[in-house]
Number of protein chains: 2
Amino acid sequence: MELAEAKQKFIEAWGKLGSEWGINRTMAQVHALLLISPEAMTTEEIMESLSISRGNANMTLRDLIGWGLVEKQHKAGERKEYFYADKDTWNIARQVAKERKKRELDPVLKVLDELSKVKGDTADLEYKTFNKSVTDINRLAKNVDKTLETMLKAEENWFWGSIFKIFK
Amino acid sequence: MELAEAKQKFIEAWGKLGSEWGINRTMAQVHALLLISPEAMTTEEIMESLSISRGNANMTLRDLIGWGLVEKQHKAGERKEYFYADKDTWNIARQVAKERKKRELDPVLKVLDELSKVKGDTADLEYKTFNKSVTDINRLAKNVDKTLETMLKAEENWFWGSIFKIFK
DNA sequence: TTAAATTTTCAAAATTTATTGAAAGTTTAA
DNA sequence: TTAAACTTTCAATAAATTTTGAAAATTTAA
C-alpha cells in the first residue's frame, strides 16, 4: 500500500471510530491528520487536506484544543497560526479519558449517588428493583472511575504491566 | 425524592449517557425502563411509559435483543410478547463490551494492523511520523483488547479485586 | 492611523439520524 | 377457513447534528 493511501485509510478509520463513540467525525479526522503530520499545519492546509470549510476547520481546531489534544504554534516572522498534535499515544488516551470522565462520567455518578439514596418501602418490588439496579450500576461506575483515576496518574508501562501481571 | 421522580431521572440519565457514547437515546431509555421494572413489559406498556411510537418501540426492542440485553418472554395463555432485561450489572457491562469490541474495536484493529505493515523510506519524516503514530495506537488498542478479553471471561469480584490489589 | 491578513462567529443550508404511523405480514383461536 | 390480535416493515417526516460561507471582529505591519 502507498503511504498516501495508508494515510487516507487511517484518517477514515479514526473518523469512523470517533463517530461510533460520540465524537464528531470531522474532529476525529482533523486529529488523525495532525497525528500523522510531522509538522504543525495551518488552517488552510487542513481545510485543503480534508475538503472542509474554514468555519468548520476553525471550530474543530478550537474543540481539539479544548480537549487538550492539539496546540497552537507560532512561527517566527509569520502571522498565521499553526496547529500541532501531541503524538504521545498514552497522553492522548489519558487526555480523552480525563475529559470524558469530567464531562460524562462524573455528572452521571452524581445522579446515581442521589438516586441510590432514595428511600422507599422495602416490601415494594418496584422500589426494590429500582434500588438494586441503581445501586449496582453505581458500584460499577465507581470502580470504573477509580480505575480511570489511577490511569490518569500512571505511566503507560506501569499501568499495563500491572494489569497484565495478573491477567497474563 | 419520590420513587416516580427518581425513575424518571434514572431513565433520563441513562438516555443521556447512552447518546454521549454513540448509543441511540431511545434504546438506552427503553433499557433503563426495563432495568428498573421487576416484571417483563409489553410493547404497549413501553410505548406508553416513554411516549414513543409502536414502530420505534418494536425496532428498539429488537436492537436490545440483538445486543443481548433484553429477552422476549411469553406468558401462559397470553398472546402478547413480554420483554425482560437482565438485571445483572456485570453481565450487562460484559455484554456491551463484547458487542462494541466486535462491532467497533475489532474492525479498527484490523485496519491498524494493515497500516502498521505499510513499508516506506525510514529517512522520510512523513513516513516515520505516520508509522510511529499508527504503531503506537495499534499497541495501545491491543492492550485494551486484551484487557477486554479478560473482562469478558471474568467474574466481577475477581476482576475488580485484581485491579485494585495493585492500584489500591 | 490604515488596510491587509487572519481568525471568529453564527444564521442558514445540508446532512445524518431517529421517529412515526399506517399498511402489510404473521400467528393463533375458534 | 376466518378474523382478531399482535408484530413487523418502511416510506415519509421530523428532529438533531454538522457544515458552510460570508460578514464581522481582531491582529499586526507599515
Side-chain angles (χ1 to χ4, degrees), chain A residues 11-12 14-34 40-67 70-84 100 103-104, chain B residues 11-12 14-34 39-67 69-84 100 103-104:
Chain A
I11 291 168
E12 270 169 40
W14 212 235
K16 179 152 170 280
L17 188 67
S19 71
E20 287 165 343
W21 287 82
I23 286 157
N24 180 305
R25 171 187 260 90
T26 300
M27 181 166 143
Q29 289 185 337
V30 170
H31 186 224
L33 176 66
L34 289 174
M41 295 178 76
T42 62
T43 302
E44 294 283 347
E45 290 167 336
I46 293 164
M47 287 165 59
E48 163 87 5
S49 292
L50 300 177
S51 308
I52 61 176
S53 71
R54 183 175 305 284
N56 195 4
N58 183 271
M59 289 184 116
T60 296
L61 286 164
R62 186 151 307 288
D63 280 352
L64 283 167
I65 291 169
W67 278 79
V70 164
E71 60 173 35
K72 274 189 192 175
Q73 283 187 351
H74 292 277
K75 299 211 173 176
E78 286 213 47
R79 193 139 156 211
K80 280 201 278 280
E81 293 175 328
Y82 285 76
F83 299 91
Y84 183 80
R100 297 203 79 157
R103 298 173 193 208
E104 296 150 18
Chain B
I11 291 168
E12 269 169 40
W14 213 233
K16 179 153 170 279
L17 188 67
S19 71
E20 288 165 341
W21 287 81
I23 286 156
N24 180 303
R25 172 186 260 90
T26 301
M27 181 166 144
Q29 288 184 339
V30 170
H31 186 224
L33 176 67
L34 290 174
E39 303 293 339
M41 295 177 76
T42 62
T43 301
E44 294 283 345
E45 290 167 337
I46 293 164
M47 287 165 58
E48 163 86 8
S49 293
L50 300 176
S51 308
I52 60 176
S53 70
R54 184 175 303 284
N56 196 4
N58 183 270
M59 289 182 116
T60 296
L61 286 163
R62 185 151 308 287
D63 280 352
L64 283 167
I65 291 168
W67 279 79
L69 298 173
V70 164
E71 60 174 36
K72 273 188 193 176
Q73 283 187 351
H74 292 277
K75 298 211 175 176
E78 287 213 47
R79 192 137 156 213
K80 280 200 280 279
E81 292 176 328
Y82 284 77
F83 298 91
Y84 183 80
R100 297 203 79 158
R103 298 173 192 209
E104 295 150 19

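Worth saying up front: this structure is predicted, and the values here are computed from it rather than measured. A note on names: the letters A, B, ... follow the listed sequences, proteins ahead of strands, and every chain is numbered from 1.
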For atom [atom1] of [X] and atom [atom2] of [N], their distance in whole Å:
| X | N | atom1 | atom2 | value |
| --- | --- | --- | --- | --- |
| A/Leu50 | D/dT18 | CG | P | 16 Å |
| B/Ile65 | D/dT8 | CD1 | C1' | 13 Å |
| B/Leu64 | D/dT7 | CG | C1' | 17 Å |
| B/Ile46 | D/dC6 | CD1 | C1' | 14 Å |
| A/Met47 | D/dT18 | CE | C1' | 16 Å |
| A/Glu78 | D/dT27 | CD | P | 19 Å |

| query | Could you give the start and end, 5' to 3', of the contact zone on DNA chain C for chain B, using atoms under 4.0 Å from its heavy atoms? | reply | C/dA18 to C/dT28
| task | Sort and list the pairs that fulfil salt bridge (charged side-chain N to carboxylate O under 4.0 Å, His left out) and have at least one residue in residues 45-55 of chain B, not counting sequence neighbours. | result | B/Glu44-B/Arg54
Compile the donor-acceptor pairs under 3.5 Å between side chains in residues 20-33 of chain A and protein atoms, sequence neighbours left out, one pair per line.
from    : atom 1 : to       : atom 2 : distance (Å)
A/Trp21 : NE1    : B/Glu104 : OE1    : 3.1
A/Asn24 : OD1    : A/Thr26  : N      : 2.7
A/Asn24 : OD1    : A/Met27  : N      : 3.2

Kindly compute the distance separating [atom1] ([X]) from [atom2] ([Y]), expressed to the nearest 0.5 Å.
| X | Y | atom1 | atom2 | value |
| --- | --- | --- | --- | --- |
| A/Ile11 | A/Leu50 | CD1 | CG | 5.5 Å |
| B/Thr60 | B/Ile65 | OG1 | CD1 | 11.0 Å |
| B/Tyr84 | B/Glu39 | OH | CD | 8.5 Å |
| B/Gln73 | B/Phe83 | CD | CZ | 10.5 Å |

| query | Run the side-chain contact (heavy atoms from CB on, under 4.5 Å) check on B/Ile46 and B/Leu34 step by step: do they pass? | reply | CA-CA 9 Å; B/Ile46 293 164; B/Leu34 290 174; 4.1 Å; yes
Tell me, please, which residues at least two apart from [X] pass side chain to side chain donor-acceptor pair (under 3.5 Å).
| X | value |
| --- | --- |
| A/Arg62 | none |
| A/Asn58 | none |
| A/Arg79 | none |

| field | Global bending angle along the helix from C/dT1-D/dA30 to C/dA30-D/dT1, which compares the axes of five pairs at either end, to 10 degrees | value | 10°
| Which residue lies more 5' along DNA chain D, comparing A/Arg54 with A/Arg79 via nearest heavy atoms | A/Arg54
| message | Using the salt bridge (charged side-chain N to carboxylate O under 4.0 Å, His left out) criterion, which residues pair with B/Lys80? Sequence neighbours excluded. | response | none
| Partners passing salt bridge (charged side-chain N to carboxylate O under 4.0 Å, His left out) against A/Lys72 (at least two apart in sequence or in another chain) | A/Glu81
| In residues 55-63 of chain B, which residues come under 4.0 Å of DNA chain D by heavy atom? | B/Gly55, B/Asn58, B/Met59, B/Arg62
| query | Hey, can you pull the residues of residues 21-33 of chain A with a non-hydrogen atom under 4.0 angstrom from DNA chain D? | reply | A/Asn24, A/Thr26
| said: Can you list everything that forms a side chain to side chain contact (heavy atoms under 4.5 Å, CB included) with A/Glu12? Sequence neighbours excluded, please. | reply: A/Gln8
